[in-house]
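Below you'll find the structure, written out as structure tokens, and then a few comments.
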Amino acid sequence: MSLLADANLRLAANAVDYAMLAFYFLLVLGIGYLARRQVSSSLDFFLSGRSLPAWVTGLAFIAANLGAIEVMGMSANGAQYGMPTANYFWIGAVPAMLFLGVVMMPFYYGSKVRSVPEFMLRRFGRPAHLVNAISFGTAQILIAGANLFLLASVVNLLLGWPIWLSVIVAAAIVLAYTALGGLSAAIYNEVLQFFVIVAALLPLTIVGLVKVGGWQGLVDKVSAGPGGPDQVHTWPGTQLTGFSNSFVSVLGLVFGLGFVLSFGYWTTNFVEVQRAMASRSMSAARRTPIIGAFPKLFMPFLVIIPGMIAGVSVAELAGENKQALLDGGTAPSGATFNNALLLLMRDLLPNGMLGVAIAGLLASFMAGMAANLSSFNTVFTYDIWQNYVRKDRPDGYYLGIGRTVTVGATVLAIGTAFIASSYANLMDYLHQLFSFFNAPLFATFILGMFWKRMSPAAGWLGLVSGIASAMAVFVLTRAGVWDLPGQGAAFVGAGAAFAVDILVSVGTTLVTAPKPESQLAGLVWSLTPKEDRRHETTGADAGWYRNPSLLAGIALIITIVLNIIFF
Amino acid sequence: MSEERRRAGVFDVRLVIALLIGVYGLVLTVLGAGFTTRAEIAKSAGVNINLWAGIGALVVGAGFVVWARLRPLIVPVRTEDDAPGAEREPDSR
């Protein structure tokens, strides 16, 4: 993938823009320094001492996911497919986030585990734990590489530095604050990043809409363009899924994206769950993903709509260029959909706002990468190092390991940045990874949480066969045996992984011994007393507006309304 | 440990957000009011986006300051409210 097809992509930033950018970096490093003073134990470093308020963890929850994937990937998707991309938010994220807060968080927070793999350890024992810890770690390094690559591409575009140098400098900045302040630095910066990203994208969207004649103007222009009127409706999204039949496409979106991929991602991905685990009480932990769901509902307007505007108003992406890209070729202009946001910024923003927009983009990519690093170092230190390599050392030893691992992970991410650079659409790459790692994990989790009979052997065997079947689908589509354009390959892979995992787990459970029920309290729904799942409703957790279920209900209603409006 | 907490409490992320957004708002408002050229305004579809985004940012920044003033961080959270602290102990091994 090339983000910098031409020198004409260079943004005309001036001294004011650079000063704004520099001021932002100063604050980012300042937060790293301030957060360092809070770190006195490994729990402070890895879980912020479980002390943060819900609005902080809720915004961090959403900002951790608001990396390159979301901002560049979703605006590229918006330019390419239009409104169906919103399904990634309204179908593919919000319902699962609400489910995490209402149903699953009591088990995560209540069982006092320090990571998702640790939950696997308690529920299924060592083999499942090891498979999960290693697959999660691998995925984080690969995704961190994708974030790093995009970060470096923007620096390259802006300053003209070569990619390799940009990669290293960008990595050094993220490393500096995550290694210093641990999760607190990452989370506080994520909250800051969230606001910078909104400050960057909201004005861009407004100016873009004025430019194309408002919402109606955008609808008319997109409908008349190469993608046709399908691109202004969220359903059935046949171009996005790659299934020509509307019914199959809807089924793919609801089951593949909405159920398997999305629940797999949001409910078991430790990058997200870690933010909730860092909050100060059970009630705050449950509210974390639910509070995050509200900004998530409105992110499509800040990323997809600018992408769509770029697809009709930026000369390098509109008309014949878009047609050529949709046909799978290269645009005569040399641009790709991944350039959409940058090109729109170049076309519309004056100096000043341009500086804020660049800061917002860099913020977003750093947020993503820091989230990957801070969750990787927790899993590596607590789950792999403390369990299998060096047990029973003093706490300070693991704190030191955490910092060292952050450095090592950054170096590895620099390597994987170059793998990410070989994909034309980063969403394809990332969904591919999610289908490998998240879909089978979700199957194992949901079965293990609600079926007390499920045996430890079923835990790891199901996981391994699920991952293997997703990889098999990937190999088949890559080899051309099975032709699935768009992101359909990842949806099918995720579906296969989920189904195979369930089948293998059930089959294995029937012929192996279950875990004694006495060891499953707090880990399985039917064996957890109801009062253990309750949370405090006094003090800082009092009030109807702090009731997780009520907040989740409101978010669900908004989701349904948005789906109806943009149907 | 309580001393650590007390020092840590001095740092309120809302004020950092207010500082960043406020400075951005100030710079953008000044640029928009005095230094954004006609050509630049024409480029952004006739909207003086520096000015409007600047004013918006100033309002948001001020909002954070007001919030931090009205609901200040309670510094010795750990020592007064021991419910979360008590939960935390068995965990810190």
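What you see is a predicted model; the values in this text were computed from it and never measured. Numbered from 1 within each chain, the chains take letters A, B, ... in sequence-line order.
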Discussion item. Centroid separation under 6.0 Å, is that true for the rings of A:F107 and A:F119?
Written reply: no

Worksheet, complete the sentence: Scored by heavy-atom pairs under 4.5 Å with chain B, the best of A:L26, A:I206, A:V191, A:D347 is A:D347

Worksheet entry | A:Y33, OH atom: more than 12 neighbouring heavy atoms under 6.0 Å | no

Discussion item. Which one wins on heavy-atom pair count under 4.5 Å against chain B: A:L348, A:L202, A:V196?
Written reply: A:L348

Practice prompt. For the pair A:Y398 (side chain) and A:R393 (backbone), establish whether a donor and an acceptor sit closer than 3.5 Å, ignoring hydrogens and angles.
Written response: yes

Discussion item. Cation-pi check for A:Y382 against A:R114: NZ or CZ below 6.0 Å from the six-membered ring centre and within 45 degrees of the axis, yes or no?
Written reply: yes

Discussion item. Distance alone, cut at 3.5 Å: any donor-acceptor contact between the side chains of A:S279 and A:T57?
Written reply: no

Practice prompt. Ignoring hydrogens and angles, state whether a donor on the side chain of A:S115 or A:Q274 is under 3.5 Å from an acceptor on the partner side chain.
Written response: no

Worksheet, complete the sentence: Honestly, the part of A:N189 sitting under 4.5 Å from a heavy atom of chain B is neither

Fill in: chain A contact via B:L20 - which portion, at a heavy-atom distance below 4.5 Å
both

Practice prompt. Please flag which part of A:A359 lies under 4.5 Å from any non-hydrogen atom of chain B: side chain, backbone, both or neither.
Written response: side chain

Fill in: Per-residue contact mode, A:V212 against chain B (heavy atom under 4.5 angstrom)
neither

Worksheet item: Can you say whether B:I41 sits under 4.5 Å from chain A via the side chain, the backbone, both, or neither, judging by heavy atoms?
Response: neither

Item to complete: Might you work through the side chain to side chain contact (heavy atoms under 4.5 Å, CB included) test for A:L349 and A:L204, ending with a clear yes or no?
Response: CA-CA 7 Å; A:L349 296 183; A:L204 182 67; 3.9 Å; yes

Practice prompt. Under 4.5 Å heavy-atom distance to chain A, tell me which part of B:I21 shows up: side chain, backbone, both or neither.
Written response: side chain

Worksheet item: Pick from B:L19, B:L31, B:I49, B:V60: which one has the most heavy-atom pairs with chain A under 4.5 Å?
Response: B:I49

